[in-house]
Amino acid sequence: MRNWSIPAGRIFGVELRIHLTFFFLLIFVWLTEATAHSPANPGRGLALVGIIFASVVLHELGHALVGVRAGVPAKAIILLPIGGVTLLDETQRPIEPGVLTWRRDIRIALAGPLVNIVIAVVAGSVLLVLAPEIHFWTKPSIYSGNLPGSLVWCNLWLALLNLLPAYPMDGGRVLRALFSRRMDPVRATRRAVSIGQAFATLFMLVGMLWNIWLTMIGFFLFIAAQLEERSAVFQSVLETVRLEDIMLTDFATLSPADTLEDALEKAVHSLQDDFPVIRGSDMVGVISKQKILQALRAEGNGYVQAVMNRIFEVAQKKESLASAFRKLTARNLSIIPVVEDERLIGIVTLQNLMHSMALLAESRKLRKAALNS
């Protein structure tokens, strides 16, 4: 999902990204307006798009702020045609096995629709006092000819849509949280996804007969539900695979006394991008090919110990693949040494972790295909 999105700045320290499919929504709104109402002022059409965009962003910020209060700050907000997704950083407060998190998940899920309801109520109240001539109940409720009224209805419809028990909408996330009280996360997600896909199918069928907007919502809801299910299943696979199953045991190391030119020579003959730096039997740092090259270009030949990274994480061989991934992403690292009895027995790099994740996904597909045949 993140790979198919583009950065759009930061809001309150949270990265804002726009999924490429979000532009289909903006184009759809623009074409619908031009066809149905033929607005003479293109600026009003852009303003309507801006209202929809801002409403979705504020909705997701609601999730992010409650997530911060719950100890899981947001890493990024990705805007989608059906709303958005707030990516929470679970590494800030790792979830311990057996700890019930369903209450927290419900609070975070309901925060977004609550923000939209508050905006609609406040905006509607202000408009009733300052501009009573605006007719809120006149159809269409959202169009460029009535931007103040569109602000109210856009937020109301966004809140109501997200409260539907159709995963991955916020109502569906509440449903999944309730399911997770009695079943594991993957089963809870699958049950919520099946309900969400039923809603999506209903939207598409009704939309063909009544309103094309429902067809579009149903289509994107169906796709989003599938992506969420795959993500949940893959996360469960990562939790069951141990580092000892995928770690590199045949790897090259460097010494802090190696010169950068010697280190580069060793790196040329290795497929590794990152190297542990060993003094005697102790690991004292890590260094990457890129860092070696940068140091050589900037300062000429020197010693590895002068430019190596002395901050690194270590892991036990029984830790899960998901644990390693969280450690890598939390500190923006590219290598984790695997130790046993304070002895280096392997390494996990971001490069081989990505390869292992891809192979795990393919092996799961093959096993599923074998079972179906």
- prompt: Is the shortest heavy-atom distance from the side chain of Ile335 to the side chain of Phe251 under 4.5 Å?
  reply: no
task: Using atom types as modelled and distance alone, determine if a side-chain donor or acceptor of Arg310 lies under 3.5 Å from a backbone N or O of Gln305.
output: yes
task: Find out whether Ile77 and Ile11 are in side-chain contact, i.e. whether some heavy atom of one side chain is under 4.5 Å from a heavy atom of the other.
output: no
Non-hydrogen atoms of Asn155 and Leu151 that approach each other most closely: ND2-O, 2.8 Å
- request: Can you establish whether the number of heavy atoms outside Arg10 located under 6.0 Å from its atom CZ is more than 12?
  value: yes
field: Side-chain heavy-atom pair Ser255, Asp258 within 4.5 angstrom cut-off
entry: yes
query: Are Phe222 and Thr201 close enough that some pair of their side-chain heavy atoms sits under 4.5 Å apart?
result: yes
query: Is a side-chain donor or acceptor of Glu319 paired with a backbone partner of Gln316 at a separation under 3.5 angstrom?
result: yes
field: Ser320 and Arg242, any side-chain heavy atoms less than 4.5 Å apart
entry: yes
task: May I ask you to decide if Pro276's main-chain N or O and Thr253's side chain share a donor-acceptor pair within less than 3.5 Å?
output: no
message: If we check side chain to side chain contact (heavy atoms under 4.5 Å, CB included) with Ser125, which of these qualifies: Val121, Val129, Val122?
response: Val121
task: Check step by step if side chain to side chain contact (heavy atoms under 4.5 Å, CB included) holds for Tyr167 and Leu175.
output: CA-CA 8 Å; Tyr167 193 80; Leu175 198 61; over 6 Å; no
- line: Heavy atoms of Ile108 and Gly67 approach each other most closely as CD1-CA, 3.9 Å
message: Please check: side-chain N/O of Arg191 versus main-chain N/O of Arg176, any donor-acceptor pairing under 3.5 Å?
response: no
query: Quick check: does any side chain N or O of Asn301 sit under 3.5 Å from a backbone N or O of Leu260, one acting as donor and the other as acceptor?
result: yes
- request: Report whether Leu65 and Ile119 are members of the same hydrophobic cluster (ILVMFWY, side-chain heavy atoms less than 4.5 Å apart, transitive linking).
  value: no
message: Between Leu127 and Ile51, is there shared hydrophobic-cluster membership here, with clusters defined by ILVMFWY side-chain heavy atoms closer than 4.5 Å?
response: yes
query: Any side-chain heavy atom of Val307 sitting closer than 4.5 Å to one from Ile287?
result: yes
query: What pair of heavy atoms forms the shortest contact from Pro113 to Asp170, and how long is it?
result: CD-OD2, 3.2 Å
statement: Between Arg173 and Pro168 the two heavy atoms that sit nearest each other are NE-O, 3.2 Å
query: Does atom CG of Leu130 have more than 12 heavy-atom neighbours from other groups under 6.0 Å away?
result: yes
message: Once side-chain hydrogen bond (donor to acceptor under 3.5 Å, both in side chains) is applied, do any residues pair with Gln294, and if so which ones, sequence neighbours excluded?
response: none
task: Kindly indicate whether the side chain of Pro165, heavy atoms from C-beta on, has any atom under 4.5 Å from the side chain of Phe199.
output: yes
query: Which atoms form the tightest heavy-atom contact between Val304 and Ala263, and what is the distance?
result: CG2-CB, 3.9 Å
- prompt: Listed by chain and number, what are the side-chain contact (heavy atoms from CB on, under 4.5 Å) partners of Ile345, not counting sequence neighbours?
  reply: Met247, Lys317, Val338, Glu340, Arg343
query: Below 4.5 Å, heavy atoms only, C-beta onward: do Phe179 and Ile195 meet side chain to side chain?
result: yes
task: Locate the shortest heavy-atom distance separating Gln197 from Ala225; write the atom from each residue and the value.
output: CG-CB, 4.0 Å
- request: Give the cluster check for Ile347 versus Ile336: same hydrophobic cluster or not, with ILVMFWY residues linked at side-chain heavy-atom distances below 4.5 Å.
  value: no
message: Can you tell me how far apart CG (Leu344) and CD1 (Ile278) are? Round to the nearest 0.5 Å.
response: 5.0 Å
